[in-house]
Amino acid sequence: MALVEVKVPDIGDFDEVAVIELLVKVGDNVKAEQSLITVESDKASMEIPSSTAGVVKELRVKLGDKVKQGSVVLMVEASGEAVAAAPASVPAVAAASAPVSAAPVAVPAASAPAACGPIEVHVPDIGDFKDVAVIEIFVKPGDAIKMEQSLITVESDKAAMEIPSSAAGVLKELKVKIGDKVNIGDLLAILEGTVVSAATSAPVAAAVSAAAPAAVSAPVATTAIAAPAHNPGASTLGLPHASPSVRKFARELGVPLEEVKGNGPKGRITQDDVQAFTKAVMAGATQTKAQAAKAPAGGDGAALGLIPWPKVDFAKFGPIERKEMGRIKKISGANLLRNAIMIPAVTNHDDADITELEAFRVSTNKENEKSGVKVTMLAFLIKACVAALKKYPEFNSSLDGDSLVYKNYWHIGFAADTPNGLMVPVIRDADKKGILQISQEMGELAKKARDGKLSPAEMTGATFTISSLGGIGGKYFTPIINAPEVAILGVCKSTHEPVWDGKQFVPRLMLPLSLTWDHRVIDGAAAARFNAYLGQILGDFRRVLL
Ligand code: CAO
C-alpha cells in the first residue's frame with residue numbers, strides 16, 4: 001500500500017499557525033476526515049483532518065511547530081479511502097461549507113452602522129451550515145456586550161463555532177435558547193446602547209471554511225475566538241480552553257469541562273484529559289462538583305484523596321439491622337461534614353459561675369408560676385451572648401471571599417434535639433427581646449422542631465448558635481460551627497464545684513462553656529476574651545449595663 005503525505009489544507013487567511021495538539025500517534029488507524037492535529041492562530045483554533053484513511057506511519061510535526069498550507073503533517077499508509085487523492089470527492093466539511101466563496105463573509109443588516117436604540121443581532125454568514133444547534137449561551141439579559149464578543153456557540157455535525165456580536169450594547173433580549181436550530185439571518189438578540197458597526201463581524205470558523213477550496217479537506221471544527229485579543233492560555237469568556245471535538249466528546253460523556261484540568265499546551269484540555277477525568281470519577285478517585293453537592297453524609301472521603309472508607313460485613317460478627325437515615329440527618333450530616341472539613345475551627349473551654357443567676361432564675365420561675373412561661377438558662381445565655389457579640393463583633397460576622405460581613409442584627413440559633421435529628425431554630429432580634437419573651441419563643445420553636453413543623457424562615461438567618469446539652473449532661477464538647485456563622489457556643493451541665501474565693505473553697509454552681517470559632521476570622525486571644533466576658537456577664541448580669 002502506498003505511503004501518502006497528509007498536508008495542511010487551505011486554512012484561509014492564516015499564514016503560519018502553531019501546532020498545539022497532536023490527536024494521533026504512529027500506528028493509529030485514522031479515518032478520512034479524522035482530526036489529526038489542532039493548530040491555533042491568535043484568532044482561532046482549528047483541527048486539521050486527514051485527507052485519507054490508513055495507518056499513521058510517521059508524524060512530521062511536533063507540538064509548537066509552525067505550519068501553513070501545504071506543510072506535511074504526517075505520512076499515512078493509505079487504505080484506499082483517500083479523500084484528497086480523489087479530486088472528485090468533495091471533503092465532508094468543504095461540502096458542508098459549499099458553495100465556497102473567497103469573498104469576505106457578508107454580515108446581515110444588523111451590523112450596519114447604527115445609533116443608540118434597540119439593535120437586532122442576527123446569525124451572520126456561517127457558510128452553508130443549515131439548522132445548526134445552539135449548544136452554549138455565554139450571555140444573559142443585562143450583560144454589557146462588546147463588539148465581537150461571542151454570544152453563543154452553534155454546532156453542526158462537523159463544526160462548532162462561536163457567533164460574535166455584530167454590535168456593542170446592553171443585551172435586552174436573547175431570542176434563542178439551548179437546543180434551538182438556527183440559520184443565517186435568524187434573530188439572535190436585541191441590544192440597546194452605543195453601537196459600533198461591525199461590517200465584517202462573522203464567526204471565524206465560517207470565514208475559514210468559506211476560504212477553503214473544495215479540492216482539499218478544510219479544517220473540521222473551528223472554534224472561533226473572536227477579537228478582542230484572545231489569551232490562548234486562558235479560557236475565552238470563562239469557557240474551558242478546549243477544541244470543539246473535545247467539547248463535543250466531553251458533552252457526550254456528560255463531563256463538566258470546566259472541572260477538567262487541561263494538560264495540553266497552554267493549559268488546553270485534551271481528549272486524554274477528559275478521558276482521565278472520566279476514569280477518575282468512575283474509579284471514585286474524584287467527584288464532579290454536582291456529585292460532591294449531592295454527597296451523602298457518610299461520603300467515602302475519596303474526593304479528599306483519602307483512603308477508602310472501611311467496608312465491613314458486620315453480619316459476619318453478629319446479627320444486624322439496617323435502617324436508612326432520615327432526611328434531616330442526611331441533610332445536616334452533609335452540612336456538618338462540610339463545616340468540619342472546611343473551617344479551621346478551634347474550641348476554647350471555660351467555666352462561668354452561675355450561682356446567683358440560677359438562684360434568680362429559680363425564684364423568678366416560682367414568682368411566675370402562673371404565667372405558664374418557664375424562664376430557662378438558655379434564655380439568659382442568649383442574652384449574654386448578644387452582649388458578648390456586640391462587644392466582639394467579629395463573632396457576629398461571616399466570611400465572604402476576602403471580606404468579612406459584619407451583621408448589625410443579632411439572630412441567635414439554638415440546637416434542638418428532635419426525634420428526626422438535630423434542628424436549629426432561630427430567635428430573631430434577640431437583642432430587642434427580654435428573657436421572658438425569649439424563653440417563651442424558645443419553648444414554641446423547640447416544640448415546633450420536635451413536631452417537624454418549623455418553617456424554613458424559622459431556621460435561617462442566625463448570626464451565632466448555641467448548642468446546650470445542659471439539661472442532659474456532660475462537661476465539655478467541641479460543637480461544629482454552623483456555616484456561614486463563625487462561632488458557636490456549646491454549653492454543658494452545670495455542677496457545684498469548690499471554688500477558691502481568696503480565703504477558702506466555697507461551693508459555686510459552675511457552667512461549662514465550649515466556644516468553637518473560625519480561626520480565619522477570630523484569633524485565640526479574642527476567643528478567650530469572649531469567653532471571659534461571657535462568664536462575667538453570666539456571673540453578674542448588671543455588667544451588661546456597663
Ligand atoms: N445545667 C444544668 N441543668 C440544666 C442546664 C445546665 N446548663 N440547662 C438546663 N438544665 C436543666 C433545667 O434546669 C431543666 O431542669 P428542670 O426540668 O429540673 O427544671 C432541664 O435541664 C431542661 O431544661 P430547659 O427546659 O431549660 O431546656 P433547655 O433549655 O435545657 O433545652 C433545648 C431546650 C431545645 C435546647 C433542648 O430541649 C435540647 O434539644 N437540647 C439538646 C441540644 C443538642 O442536641 N445539642 C447538641 C448539638 S450538637 O449535636
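In each ligand, atom 1 is the first atom listed, and ligand 1 is the first ligand listed.
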Electrostatic pair K448:E458 at N-O distance under 4.0 angstrom: yes
Which residue holds the protein heavy atom closest to atom 38 (C) of ligand 1, what is that atom called, and what is the gap in Å? D417 N, 3.9 Å
Hey, does C492 come in under 3.5 Å of ligand 1, counting only N/O atoms on both sides? yes
Would atom 40 (N) of ligand 1 count as contacted, meaning some protein heavy atom under 4.0 Å? yes
Nearest protein heavy atom with distance in Å, relative to atom 32 (C) of ligand 1: A415 O, 4.4 Å
Protein non-hydrogen atoms only, distance under 4.0 Å: does atom 26 (O) of ligand 1 have such a neighbour? yes
The protein heavy atom nearest to atom 6 (C) of ligand 1 is G470 CA, 3.4 Å
Does the protein put any heavy atom within less than 4.0 Å of atom 46 (C) of ligand 1? yes
Determine, stepwise, if the pair D273 / T270 fulfils side chain to side chain donor-acceptor pair (under 3.5 Å). CA-CA 5 Å; D273 293 329; T270 64; 3.2 Å; yes
What's the shortest distance from atom 43 (C) of ligand 1 to any protein heavy atom, and which residue and atom give it? L469 CD2, 3.6 Å
Assess whether atom CG of D501 is packed by more than 12 heavy atoms of other residues, nucleotides or ligands within 6.0 Å. yes
Going by the atom numbers of ligand 1, which of them fall below 4.0 Å from some non-hydrogen atom of T376? 26 (O)
If you count heavy atoms of other groups shown closer than 6.0 angstrom to CZ of R520, is the number above 12? yes
Please test E148 against S165 for side chain to side chain donor-acceptor pair (under 3.5 Å), starting from the C-alpha separation and ending with a verdict. CA-CA 5 Å; E148 298 290 350; S165 180; over 6 Å; no
What's the verdict on side chain to side chain contact (heavy atoms under 4.5 Å, CB included) for E485 and F395, showing C-alpha distance, side-chain angles and the deciding distance? CA-CA 8 Å; E485 294 156 43; F395 286 78; over 6 Å; no
The atoms of ligand 1 lying under 4.0 Å from a heavy atom of S468, numbered in the order shown, are 40 (N), 41 (C), 42 (C)
For atom 13 (O) of ligand 1, find the nearest protein heavy atom and state the residue, atom name and distance (0.1 Å precision). R361 NH2, 3.2 Å
Among protein heavy atoms, which lies nearest atom 1 (N) of ligand 1, and at what distance? S494 N, 2.8 Å
Taking everything shown except Y392 itself, do over 12 heavy atoms lie less than 6.0 Å from its OH? yes
Atoms in ligand 1 flagged as close to L378, the criterion being non-hydrogen separation under 4.0 Å: 29 (O), 35 (C)
With a 4.0 Å cut-off, strictly under, does atom 18 (O) of ligand 1 pick up any protein heavy atom? no
Does atom NZ of K475 have more than 12 heavy-atom neighbours, drawn from other residues, nucleotides or ligands, at distances under 6.0 Å? yes
By number and element, which atoms of ligand 1 are closer than 4.0 Å to a non-hydrogen atom of L511? 7 (N)
How far is atom 37 (O) of ligand 1 from the closest protein heavy atom, and which atom is that? R450 NH1, 4.1 Å
Hey, does F277 have a side-chain heavy atom less than 4.5 Å from the side chain of P256? yes
Suppose we measure from atom 30 (O) of ligand 1 to each protein heavy atom; which comes out shortest, and what is that distance? G471 N, 4.0 Å
Given L422, I488, L509, which one has a non-hydrogen atom that is nearest to atom 49 (O) of ligand 1? L422
Test item: D417 and L422 side chains (from C-beta on) under 4.5 Å apart, heavy atoms: no
Heavy-atom contact under 4.0 Å between P479 and ligand 1? no
I145 side chain reached by L151 side chain, heavy atoms, under 4.5 Å: yes
Distance filter under 4.0 Å to A416 heavy atoms, resulting ligand 1 atoms: 39 (O)
Ligand 1 to S467, heavy atom cutoff 4.0 Å, flagged ligand atoms 45 (N), 46 (C), 47 (C), 48 (S)
Tell me whether K447 at atom NZ has more than 12 heavy atoms from other residues, nucleotides or ligands lying less than 6.0 Å away. no
N/O separation below 3.5 Å, K374 to ligand 1: yes
Is there a side-chain contact between V255 and V260, using heavy atoms and a 4.5 Å cut-off? yes
